[in-house]
J.: 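Shown below is the structure under consideration.
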There are 2 protein chains.
Amino acid sequence: MPKIVDHDTRREEIAEALWRVVRRDGIRAASVRTIAAEAGWSAGAVRYYFPDQDGLLSFAMDLVSRRVTDRVSAIEPKGSVETIVLRYLDEVLPLDAERRAEFDVWLAFMAQARAESGAGALQEHLGKVHNELRQLCESLLHSLADAGVLRDGLDLRREVELLHALLDGLALHAAIQPDRTTPTRLRQLMRRHLESLMAENP
Amino acid sequence: MPKIVDHDTRREEIAEALWRVVRRDGIRAASVRTIAAEAGWSAGAVRYYFPDQDGLLSFAMDLVSRRVTDRVSAIEPKGSVETIVLRYLDEVLPLDAERRAEFDVWLAFMAQARAESGAGALQEHLGKVHNELRQLCESLLHSLADAGVLRDGLDLRREVELLHALLDGLALHAAIQPDRTTPTRLRQLMRRHLESLMAENP
DNA sequence: AGTTTTTCAGCACGACTGTGTTATAAAACG
DNA sequence: CGTTTTATAACACAGTCGTGCTGAAAAACT
């Protein structure tokens, strides 16, 4: 048969084709056949790498979060604490068209996951990623607190939840109205929120 | 034929059946036939009220936002400005299981709307509702400002966007992790955010 | 050179899809 | 009581769905 193939990269190619279909026509159009056509193979070929459709969906959702995690863990923590924190937040927010597309797909997966009663694979994955992002918020705020730049009397646990919710909310708004919620505006708003947590007179 | 029927209420019944299907099995399962079965009629009957599937989807999305709007406009503005503002926010946040279900459905519609390239009906509707919610945030913050309870030096336009994003983010979190983001916690977080905007020593 | 393994296309199956069209029954109206 | 209108079911049609199975071609290995 044709050249030997790396299964993982092939699976990723197919998953990315799924992303494009979901983004263009919605998750309702994400059939094995349309995905195969988008990827440029036959349906049988796709089925060789993914035994069933659920596995494909779940893999594709996983891949989205893995891409984000990879970007985040590639960050080098150089500079002042404030700039490091902002750089992390920059990487999580959808600041360009590619990341906005990523979030569109993620949005579709979230909605689909919510429809899984009990403990489906998507549901479980959504919970995991949700917790990981909260933990990132937590560690960012803690490093700010350790550096002593935060205001006194803050309930850190509350601020973690607020920052986390703000992050997701801003990402959503960037997807819904990219014209109004531009990258610059996103960064502005994020910075303004962090400033409200910091000491008023440095 | 059978008794004469109010078309609008019938359409709403069918739309609510669609909600249940979307919530239980996701938007991918929302076919004319499954919706008809859920509503307890034949597919032909459903088609009598909705000529095609797109119209049904768009009507059902519209109905979600209309329900929220109705609740919001039913609020009587009594009491201090702060309590009024909190009551409005209470009505927008998913504080009980019913409203959380509503948001799940809304989430599915948002994801589907994002897939409509250009100016589809869902896309347009999403933009409209998005703006309305921002305008609510705007008027709430302005009434707080007029009452003089806000801190000096606030950029109100920024705070509107932040409050709006926080609202959507919290709603999302309440849907994803209702155990952690309980109604009481939601209200706590919202109150904490508003307090951070208000004068430190009243 | 022959054999095995890997990769892919293709077809078949039964179920389901959206959308028409038609038939029928019940209520409303003359 | 007869006629018209409204509401619903039922069926038809062409297409698509997920999934299983088969076969063939190409690389890898012996």
Side-chain angles (χ1 to χ4, degrees), chain A residues 1-22 24-61 108-109 111-113 115-116 120-122, chain B residues 1-22 24-61 108-109 111-113 115-116 120-122:
Chain A
M1 28 186 83
K3 61 163 181 263
I4 196 161
V5 135
D6 182 30
H7 280 211
D8 283 338
T9 38
R10 189 63 120 220
R11 267 190 264 265
E12 296 195 0
E13 280 180 47
I14 297 174
E16 286 172 13
L18 182 144
W19 295 355
R20 292 194 294 275
V21 170
V22 166
R24 186 178 348 104
D25 302 315
I27 203 174
R28 306 175 65 209
S31 71
V32 174
R33 283 170 169 88
T34 51
I35 295 164
E38 173 70 32
W41 288 300
S42 75
V46 167
R47 209 174 172 283
Y48 179 73
Y49 295 97
F50 294 100
D52 59 15
Q53 191 183 223
D54 286 350
L56 211 178
L57 232 67
S58 146
F59 180 91
M61 181 174 185
F109 281 133
Q112 185 62 35
E116 284 181 344
L122 301 191
Chain B
M1 27 182 86
K3 61 168 182 263
I4 194 161
V5 133
D6 181 29
H7 280 211
D8 283 338
T9 40
R10 189 63 120 221
R11 268 190 264 264
E12 296 195 358
E13 281 180 47
I14 297 174
E16 287 171 14
L18 182 145
W19 295 354
R20 292 193 295 275
V21 170
V22 166
R24 186 177 349 104
D25 302 314
I27 204 173
R28 306 176 65 208
S31 72
V32 174
R33 284 170 169 88
T34 51
I35 294 164
E38 173 71 32
W41 288 299
S42 74
V46 167
R47 209 175 172 282
Y48 179 73
Y49 295 97
F50 294 100
D52 60 14
Q53 191 183 222
D54 284 351
L56 210 177
L57 232 67
S58 146
F59 180 91
M61 181 174 185
F109 281 132
Q112 185 62 36
E116 285 181 343
L122 301 191

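Side chains are part of it too, since the values below use all heavy atoms of this structure and drop only hydrogens, waters and symmetry mates. In what follows, chains are A, B, ... by sequence order, proteins preceding strands, each numbered from 1. Bear in mind the structure is a predicted one, so any value in this text is a computation, not a measurement.
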J.: Could you note down all residue pairs passing side chain to side chain donor-acceptor pair (under 3.5 Å) where residues 36-47 of chain A supplies at least one of them, sequence neighbours left out?
T.: A/R20-A/E38, A/R24-A/E38
J.: With A/A37, which residues qualify under side chain to side chain contact (heavy atoms under 4.5 Å, CB included), at least two apart?
T.: none
J.: Give the dot-bracket string for DNA chain D, reading 5' to 3', where a pair is Watson-Crick or G-U wobble with both distances under 3.5 Å, ( ) marks pairs inside the strand, [ ] marks pairs crossing earlier ones, | marks a partner on another strand, and . marks unpaired.
T.: |||||.|||||||||||||||||||||||.
J.: Considering just the side-chain nitrogens and oxygens of B/Y48, establish if one lies under 4.0 Å of OP1 or OP2 belonging to D/dT8.
T.: no
J.: Between B/R10 and D/dA7, is there a side-chain N or O to OP1/OP2 distance below 4.0 Å?
T.: no
J.: So does A/F50 get a backbone contact from the side chain of A/R11, meaning a donor-acceptor N/O pair under 3.5 Å?
T.: no
J.: Could you tell me which residues satisfy side-chain hydrogen bond (donor to acceptor under 3.5 Å, both in side chains) with A/D8, sequence neighbours excluded, listed by chain and number?
T.: none
J.: The criterion is side chain to side chain contact (heavy atoms under 4.5 Å, CB included); which residues satisfy it with B/A29, sequence neighbours excluded?
T.: B/V21, B/D25
J.: Just checking B/Y49: base, sugar-phosphate only, or nothing, at a heavy-atom cut-off of under 4.0 Å?
T.: sugar-phosphate
J.: Using whole Å, report how far CZ of A/F50 lies from P of D/dC17.
T.: 18 Å
J.: Return the minimal non-hydrogen interatomic distance between B/L57 and B/F109, and the atom names on each side.
T.: O-CE2, 3.7 Å
J.: Please list, by residue number, the residues of residues 13-20 of chain A whose heavy atoms come closer than 4.0 Å to an atom of DNA chain C; answer none if no residue qualifies.
T.: none
J.: Considering residues at least two apart in sequence or located in another chain, which fulfil the side-chain hydrogen bond (donor to acceptor under 3.5 Å, both in side chains) criterion with B/R28?
T.: A/Q53
J.: Show the distances under 3.5 angstrom between N or O atoms of the protein and N or O atoms of nucleotides 15-18 of chain C.
T.:
unit_1, atom_1, unit_2, atom_2, d
C/dT17, OP1, B/S31, OG, 2.9
C/dG18, OP1, B/V32, N, 3.3
C/dG18, OP1, B/Q53, OE1, 2.3
C/dG18, OP2, B/V32, N, 3.1
C/dG18, N7, B/R33, NH1, 2.6
C/dG18, O6, B/R33, NH2, 3.1

J.: Could I get the full list of side chain to side chain contact (heavy atoms under 4.5 Å, CB included) partners for A/A111, not counting sequence neighbours?
T.: B/L107, B/A108, B/A111
J.: Taking salt bridge (Lys or Arg N to Asp or Glu O under 4.0 Å) as the definition, give me every residue that meets it alongside B/E12, ordered by chain and number, with sequence neighbours left out.
T.: B/R66, B/R67
J.: Spell out, as yes or no, whether a donor-acceptor pair under 3.5 Å connects the side chain of B/Q112 to the backbone of B/I27.
T.: no
